[in-house]
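Start at 1 and go down the list; that is how both ligands and their atoms are numbered. Note that these values count all heavy atoms, side chains included, but never hydrogens, waters or copies made by symmetry.
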Amino acid sequence: MRGTSSFLIVANRLPVDRVGDKEWRRSPGGLVTAIAPVMQRRDGAWLGWTGAAGEELKPFDHEGMHLIPVPLSGLEVELYYEGFSNATLWPLYHDVVAKPTYSRVLWDAYRAVNDRFARAAADAAAPGAVVWVQDYQLQLVPAMLRKLRPDLKIGFFLHIPFPPAELFNQLPWRNEILEGLLGADLVGFQRPGGASNFVRLSRRLLGLQNHRNEILMEGRTVRAEAFPISVDFGELDQLVREPRVLRRAKEIRAELGDPEHVLLGVDRLDYTKGIGQRLKAFGELLDDGAIKPGEAVFVQVATPTRERVDEYRRLRNDIELRVGRINGEHGVIGRQPISYLHQSYSKEELAALYCAADVMVVTPLRDGMNLVAKEYVACRHDLRGALVLSEFAGAADELRQAFLVNPYDIDGLKRAMLAAMRATPHELARRMRSLRRRVATHNVDKWASDFLTALESGEGVAEEQLTA
Ligand code: ADP
Ligand code: G6P
């Protein structure tokens, strides 16, 4: 029997996350931020995990989306999600900034869970449906699904970087991952470099022929292309015009003691985000006397994430130690230079924080895109505010008017933070106007429609165009 969904999103996570037995909250991370508004504006279904172990739930509707839960057992959460997805693939694909774990037990669980997602998608999809598989947790799904349902149009989008051969070749299951992805008709990446790494690896490891970004796989053509993801610019731009959000932004500054400069970081507490580097730079500016006590406050919001994975546990300890040291050395009673919040906030509170911040500090060591940088830009219609942005974030390709930094270069980071604090209103407006133009015209709807149009209009390659 075939399902009824003619458009299906398949992602590790549903857009909502289970808290306790009855409540739901928005799932963390950029994938959900981007796909939720796209789904709310289209008919379709979203297949994914609820974030709780061992829970079997019936399909349900939530905020205008039809959600189909896929269950994971406690052991699968440990081996497939925390293990292969987040202790093997995540660090490997992010430049090995942490050491990846290679284990056959984790790989077996990854394969088994991918198979479950593929079967669930095969059951839910209507004949000839478009199925859009998301991210590194489900790279085997395209090929598994094609085997079960050759009638489907299958797209895949990788939200994180796709590494070059020098790193990817470490993976003992590298060929299987490539073959999994090649089950799709279109494989999307954040940056052109990711797409060309993929084409090159398919040629070298699997001996496949290609014509530019089109690969010939078992008589089919698979296209690899970059589609830089984005945010719902219109929604954020509206939200920050609400008087209650502006009031809240003022209140936040007052609660911080109305310092001259508010600097802000908003991230999942992830070792790829360069949180330690930015706090080190800020601490040194205080040590050097370049920032006077009370002149600037750094607000660091760090959402809890993947807390049972060792590297994340270590990172939390490191960051909290660093925050404690800096506050201990430079704070006075009732006022501390770093306001550190290990919590999740509503969209509205985040928007108020973005409005309250003079300098947004986004310093990942490697990041597929980084939507926080784009959210900040979307919230600053007042043309005030400076964005300090790592050149290792995908967003740096587009946001050229940010204060671009190499986060490994602490002196450079200090200079960029000071330059952002001291820039004239005229310079800030000039930069922000250009940043906003980019994000307004390249919003998340454009990202989704560019991808889906390319998926539906795919054509084959002529035999004589192929190169081995
Ligand atoms: P990643 O996908 O790696 O987490 P992104 O910057 O692309 O990084 O996306 C993060 C998303 O999570 C953004 O939409 C951001 O607003 C949201 N987010 C980050 N921190 C918090 C927080 N403390 N509370 C609520 N949402 C958060
Ligand atoms: C990044 C990944 C997403 C993931 C999100 C949150 O955005 O690309 O696939 O969902 O982080 O991480 P989590 O492990 O909580 O799903």
Item to check | Pairing of D108 and R104 as salt bridge, 4.0 angstrom limit | outcome: no
Checklist entry - Taking D267 for the side chain and L269 for the main chain, is one N or O donor matched with an acceptor at less than 3.5 Å? => result no
Checklist entry - In terms of residue, atom name and distance, what is the protein heavy atom nearest to atom 12 (O) of ligand 2? => result R306 NH2, 2.9 Å
Checklist entry - Side chains of H66 and D61: donor-acceptor distance under 3.5 Å anywhere? => result yes
Checklist entry - What about the rings of F298 and Y340, do their centers lie closer together than 6.0 Å? => result no
Checklist entry - Where on V301 is there a heavy atom closer than 4.0 Å to ligand 1, on the side chain, on the backbone, on both, or on neither? => result side chain
Checklist entry - If you measure from each heavy atom of E349 to ligand 1, is any distance below 4.0 Å? => result no
Next on the checklist: Heavy atoms only, cut-off 4.0 Å: how does L350 contact ligand 1, side chain, backbone, both, or neither?
Outcome noted: side chain
Checklist outcome for this item: atom 8 (O) of ligand 2: of D367, D135, T305, I229, the nearest heavy atom sits on D135
Next on the checklist: Check the orientation of W173 and F84. Use parallel for under 30°, tilted for 30 to 60°, and perpendicular for over 60°.
Outcome noted: perpendicular
Checklist entry - Is the centre of the F157 ring less than 6.0 Å from the centre of the W447 ring? => result yes
Checklist entry - Are F117 and W49 close enough that their ring centers fall under 6.0 Å? => result no
Next on the checklist: Under the rule for salt bridge (charged side-chain N to carboxylate O under 4.0 Å, His left out), what residues qualify as partners of K280, not counting sequence neighbours?
Outcome noted: E284
Item to check | Numbered atoms of ligand 1 (with element) below 4.0 Å of R268, judged on heavy atoms | outcome: 1 (P), 3 (O), 4 (O)
Checklist outcome for this item: atom 7 (O) of ligand 1: closest protein heavy atom, distance to 0.1 Å, is L371 N, 2.9 Å
Item to check | atom 24 (N) of ligand 1 [closest protein heavy-atom partner, distance rounded to 0.1 Å] | outcome: Y345 N, 2.7 Å
Checklist entry - Within 45° of the six-membered ring axis of W90 and under 6.0 Å from that ring's centre, is NZ or CZ of R306 located there? => result yes
Next on the checklist: Is the contact between E375 and ligand 1 made by the side chain, the backbone, both, or neither, using heavy atoms and a 4.0 Å cut-off?
Outcome noted: side chain
Next on the checklist: Can you classify the ring geometry of Y376 versus Y354 as parallel (below 30°), tilted (30 to 60°) or perpendicular (above 60°)?
Outcome noted: perpendicular
Checklist outcome for this item: Of all protein heavy atoms, the one nearest atom 6 (C) of ligand 2 is P28 O, 3.4 Å
Checklist entry - So which protein heavy atom does atom 21 (C) of ligand 1 come closest to, and at what separation? => result T303 OG1, 3.0 Å
Checklist entry - For ligand 2, which part of I160 has a heavy atom less than 4.0 Å away: the side chain, the backbone, both, or neither? => result side chain
Checklist entry - Looking at T33, which atoms of ligand 1 are within less than 4.0 Å of one of its heavy atoms? => result 11 (C), 13 (C), 14 (O)
Checklist outcome for this item: of all protein heavy atoms, closest to atom 14 (O) of ligand 2 is Y81 OH, 2.5 Å
Item to check | Heavy atom of the protein closest to atom 12 (O) of ligand 1 (residue, atom name, distance) | outcome: G29 N, 3.8 Å
Item to check | ligand 1 contact by K273, heavy-atom criterion under 4.0 angstrom | outcome: yes
Item to check | R268: numbered ligand 2 atoms lying under 4.0 Å from its heavy atoms | outcome: 1 (C), 6 (C), 11 (O)
Next on the checklist: I'd like to know if D397 pairs up with R191 as an ion pair, taking the criterion as any Lys NZ or Arg NE/NH1/NH2 lying under 4.0 Å from an Asp or Glu carboxylate oxygen.
Outcome noted: yes
Item to check | Contact partition for V372 relative to ligand 1, non-hydrogen atoms under 4.0 Å | outcome: both
Item to check | Contacting atoms of ligand 2, where contact means under 4.0 angstrom from a heavy atom of G30 | outcome: 7 (O)
Checklist entry - What do you reckon, does Q134 put a non-hydrogen atom under 4.0 Å from ligand 2? => result no
Item to check | Aromatic centroids of Y93 and Y136 separated by under 6.0 Å | outcome: no
Checklist entry - Y271 ring centre to R316 NZ or CZ under 6.0 Å, with the angle to the axis within 45°? => result no
Item to check | Protein residue, atom and distance nearest to atom 10 (C) of ligand 1, heavy-atom basis | outcome: G30 N, 3.6 Å
Checklist entry - Under the criterion side chain to side chain donor-acceptor pair (under 3.5 Å), which of K347, R41, Q238 is the partner of D232? => result R41
Checklist entry - Based purely on interatomic distance, does A302 place a nitrogen or oxygen under 3.5 Å from a nitrogen or oxygen of ligand 1? => result no
Item to check | Which of the ligand 2 atoms, numbered from 1, are nearer than 4.0 Å to a heavy atom of Q137 | outcome: 9 (O)
Item to check | Steps toward side chain to side chain contact (heavy atoms under 4.5 Å, CB included) verdict (F227, Q190) | outcome: CA-CA 5 Å; F227 299 88; Q190 299 279 23; over 6 Å; no
Checklist entry - What atoms of ligand 2 come within less than 4.0 Å of a heavy atom belonging to H159? => result 8 (O)
Checklist outcome for this item: If we number the atoms of ligand 2 from 1 as shown, the ones under 4.0 Å from a heavy atom of R13 are 13 (P), 15 (O), 16 (O)
Item to check | Contact (N/O only, under 3.5 Å) between V266 and ligand 1 | outcome: no
